[in-house]
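Both backbone and side-chain heavy atoms feed into the values below; hydrogens, waters and symmetry mates do not.
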Amino acid sequence: MATVLGGLGLWRAEQVARPVLVEVPFPAFAQLPALPPLPLPPPTMDAPAASIRVRLVSGSSGAPLAGARVSLIRGLFMAVTGDTVPDETALTDVSGVAFFEAPGAGVMTVCARGAGHAESCERDVGVVSGGSLSVALTLPPGAVVEGQVLQHDGTPAAGVRLIAPGDNLLAEMTPSWSTTDAQGRYTLDGVTPGSVQVRLFAPQGRALDRYPGAELTAGEVRRFDIQLGAFVPVTVKPVMGRTRGTEAVESVHVNVQLEPQADGTFTGIAESGRYSVSMWGRRNGREVAARKDVTLAPGAPAVIAFPFSELKSAGMVLPWFSSDPGVFEVSGRVFLSDGAPVKGAWIGAQKPGPRGRRCGSSPDDHAHVRFDGPEFVVTPRVGAGRIFAWLPDGRAGSAAVRGGKGERVSVDIHLEETGAVAAVMDFGDGHLWGSRQEITVDGHWVGASHYTLWDGSIFVPGLKPGKHVLRTSNGDVEFNVNAREVTNLGVLRRPPEPEAARSDSEVAASAP
């Protein structure tokens, strides 16, 4: 029995010693709402971009172009001053690619020109700090102008810089250029076919422009020798009407480079020959201008009294026409209607610069800048307005902005499910180059639409699906638009003039 009880006690002791697992219910933790992600800082152009990649192909063969020069042009690059190429340039490799590592951020024009190939550019492309940009250009075939430059005494002219901008209507940014060697020889390669003007900058000063004759054709090699005239000192004295003495004006513009002097005159050295001199400027808050034909004879300094007068219209003196309020900066991102960031969009912003005389309710001009990613930075003119964004398929959106001089404003743009209309205007022989053609859609000005004067192309994004009416100087056109589609209207020509009615006697007289 003792043995049994002892064993039982031991069993109870073991039972007591064994732990018992008890589940104790705990209250559920409260589910806190997820915190929204921190907003990204607005993009800037204060620091360098990551990279810019430019690929070139031949327009005639489609093959990659190696050894072609690519230039990044910021602001207005004036070839007429004798500059050769912008500071930021690179040559393409065997695959036709030029790579810029850590270039400056900003808005620029990318141009390229190669041996046997004329220039091609993409204007107004932008890249933000830390961003990247990709550009593809197709270079058309070019021509070659070569020859020898001689001094007025027949000796070779070394060190003369020659520049061939080509057709001015193409608004070229990087002209063909060459510098004469010790024998005065030069070669201008990749000249744009057509009517060519050669500008010369001798060590003594600016020379008269030369023209190689008939229009150049693609692939042509033309010989063009030049003999310079003697160079003479020139002084221009602007005077008000017939009043003697020097009058203070802002500038004198001529086809030679003259420097302003403290006494109000403008001096320089120019090649002897025939010139058409013009000047414009400001005097006492009013516009002044003049034009005069002069002949510079070799061997003697030329002193030209240049009468000018105030510009008038309908007998009234015109005030100085513009004032520049400055710019402010707008940065942001572009999103699709579902909230996804776009991969690249065009941004339309009011062009900076002076406020000039405007007619009626015509809209302000807008610049159109292409960015590769969703981020953008543009600098419109000070004041209130809208920033526009659109894609090639017509989806578009806008946002209102307001800023003072030097301020920074951030705004995001969400695109709507819209479409676009495209067309090309045929101006005919009577079109005046330089005049801006206004267009309307449904009776509204389209100031931020993409419109290129040089080739007459029209692209209007942001149109809601349905029927619309496009009005141009060539007439009205009705069309339909679908979301994410571009309605192409083709070439818009001016309607033919109605035939004048003829009398019975005129009809009878013309009968055989």
Task: CD/E101: more than 12 non-hydrogen atoms of other groups inside 6.0 Å - done: no
Task: For the student: nearest non-hydrogen atoms of R402 and V409, plus distance - done: O-CG2, 3.4 Å
TODO: For a side-chain contact (heavy atoms from CB on, under 4.5 Å) with L470, tell me which candidate from L489, T487, L463 qualifies.
DONE: L489
Open item on the list: For E122, is there an ion pair with R370 - N to carboxylate O distance below 4.0 angstrom?
Closed with: yes
Open item on the list: For the backbone of N482 and the side chain of E485, can you confirm whether one donor and one acceptor N or O come within less than 3.5 Å of each other?
Closed with: no
Open item on the list: One thing to verify: whether D93 and R55 come together as a salt bridge, which I'm taking to mean a side-chain N less than 4.0 angstrom from a carboxylate O.
Closed with: no
Task: Any donor-acceptor pair under 3.5 Å from S176 side chain to D189 backbone - done: yes
- [ ] Over 60° means perpendicular and under 30° means parallel, so classify the ring planes of H368 and W390, tilted if in between.
- [x] perpendicular
Open item on the list: Looking at every heavy atom in both A112 and L137, which two are closest together, and how far apart are they?
Closed with: CB-CD1, 4.0 Å
Open item on the list: What I want to find out is whether R471 reaches D476 closely enough, with some N-O distance under 4.0 Å, to be called a salt bridge.
Closed with: yes
TODO: Please confirm whether the backbone N or O of L188 pairs with a side-chain atom of S178, one donor and one acceptor, at under 3.5 Å?
DONE: no
TODO: Please assess F100 against V70 for the test side chain to side chain contact (heavy atoms under 4.5 Å, CB included), listing each intermediate value before the final yes or no.
DONE: CA-CA 10 Å; F100 297 84; V70 179; 4.0 Å; yes
